[in-house]
There are 2 protein chains.
Amino acid sequence: MTPETVAAHAPLELEHFLPYRLSILSNTVSQSIATEYQDRFELSMTEWRVMTILARFPEISAREVVDRSAMDKVAVSRAVARLVNAGRVDRGIHDGDKRRSVLKLSEAGWAIHDEVAPLARAHERELLARLDQGEQAQLNSILDKLLAT
Amino acid sequence: MTPETVAAHAPLELEHFLPYRLSILSNTVSQSIATEYQDRFELSMTEWRVMTILARFPEISAREVVDRSAMDKVAVSRAVARLVNAGRVDRGIHDGDKRRSVLKLSEAGWAIHDEVAPLARAHERELLARLDQGEQAQLNSILDKLLAT
DNA sequence: ACGTTATAGTTTCACTTGTAACCAATTGCA
DNA sequence: TGCAATTGGTTACAAGTGAAACTATAACGT
């Protein structure tokens, strides 16, 4: 297989391929945050995401957590189960619809939230520090477009 | 828990949190490409990545595949095993170092590559079509900075 | 030359994840 | 009212994944 033959097949150059670059960046960033709270609190990324949602929207059902996140319902169900088990989330039953749960962070849950949230924000700041103000704004607006439905 | 109390805890707003947005975007994009080739060729994302690397750099070892990708060696080992098994990759042994494998796409492997690569590129184009020329350039330069080391 | 250390790659085991099937409660409507 | 369809949530099973142990070969230092 000569170089000419390879070129004829027009192989992808991963390092210039947008989906690949996004994937590397996203994994690097998420993983660097996740390792911190995983080590310190034995908290999976899914669990942490559920916690952030319950922090903003207390007293919602698992279904609503699913709707507000990009997670699927099995993942949420399992994360909630672990969180309830660990005493980090209180689960009640909805008045008038016994299928629905009513979820909120417990005291212990809030305590963890209040430690992890600043840590996550610090990572975000650190990342953004590589860009100037203009680039930060551009990135946001570009992501808005790429994420639109 | 009143709204005021919630605010006091300063919960993260996931939809404005950069690592989260990156993660959603990256998963959406990679997944939409992956489902296509998974359905059509029973090819996992890891296998496809190995194939793209072998397309550009034929006759390299598994170790070099690891170095050139962000995958870990176990994942590569398994992907290569499946690819060899499916007759999509030929595996030889390095002259002078019997530990090293020498990998390259087989005819069948190239045939698949030549179908999937344009498909992946089409997805990338489709994504980039939401941005104008300037934004595309900005995104590239921003990703360069964020991905540096 | 010989034992130690390092490297390439595979295997094993425990854990996570995704899909589909499932159960129970609720809704819709004939 | 009663029964089919829908919805919230969990469970079961198969497949995928990661960390560590393992095998075989090679490199290094004395």
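Per chain, numbering begins at 1; letters A, B, ... match sequence-line order.
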Letter by letter from the 5' end, nucleotides 2-10 of chain C scores (B base, S sugar-phosphate only, - none; protein heavy atoms under 4.0 Å) ----BBSBB
So side-chain hydrogen bond (donor to acceptor under 3.5 Å, both in side chains) across residues 126-135 of chain A, not counting sequence neighbours, yields E135(A)-K145(B)
Point to revise | Summary of side-chain hydrogen bond (donor to acceptor under 3.5 Å, both in side chains) pairs that have at least one residue in residues 85-96 of chain B, sequence neighbours excluded | key: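 Qualifying pairs, neighbours excluded: none.
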> Less than 4.0 Å between a side-chain N and a carboxylate O, is that true for R100(A) and E64(A)?
Replying inline: no
Counted 5' to 3', the first and last nucleotides of DNA chain D within 4.0 Å (strictly under) of a heavy-atom of chain A are dT7(D) to dA12(D)
Mind running a 4.0 Å heavy-atom check of residues 29-38 of chain B against DNA chain D and sending the residues that fall below it, in number order?
->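 Under 4.0 Å from DNA chain D: no residue of residues 29-38 of chain B.
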Item to check | Any donor-acceptor N/O pair, S26(A) side chain to S23(A) backbone, under 3.5 Å | outcome: no
When the nearest nucleotide of DNA chain C is assigned to G96(A) and to D72(A) on a heavy-atom basis, which residue is associated with the more 5' position?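 The residue mapped nearer the 5' terminus is D72(A).
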For residues 8-29 of chain A, the salt bridge (Lys or Arg N to Asp or Glu O under 4.0 Å) pairs (sequence neighbours left out) are E15(A)-R56(B), R21(A)-D144(B)
State yes or no: do [X] and [Y] share one hydrophobic cluster built from I, L, V, M, F, W and Y residues joined by side-chain heavy-atom distances below 4.5 Å, directly or via other members?
| X | Y | answer |
| --- | --- | --- |
| W48(A) | V74(A) | no |
| L147(B) | L12(A) | yes |
| I53(A) | V84(A) | yes |

Note to self: Within the structure provided, determine whether K104(A) and L54(A) are in side-chain contact (heavy-atom separation under 4.5 Å).
What the structure shows: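 They are not in side-chain contact.
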Check: H113(A) vs H9(B) aromatic rings, parallel, tilted or perpendicular, using cut-offs 30° and 60°?
Finding: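 The rings of H113(A) and H9(B) stand perpendicular, inter-plane angle above 60°.
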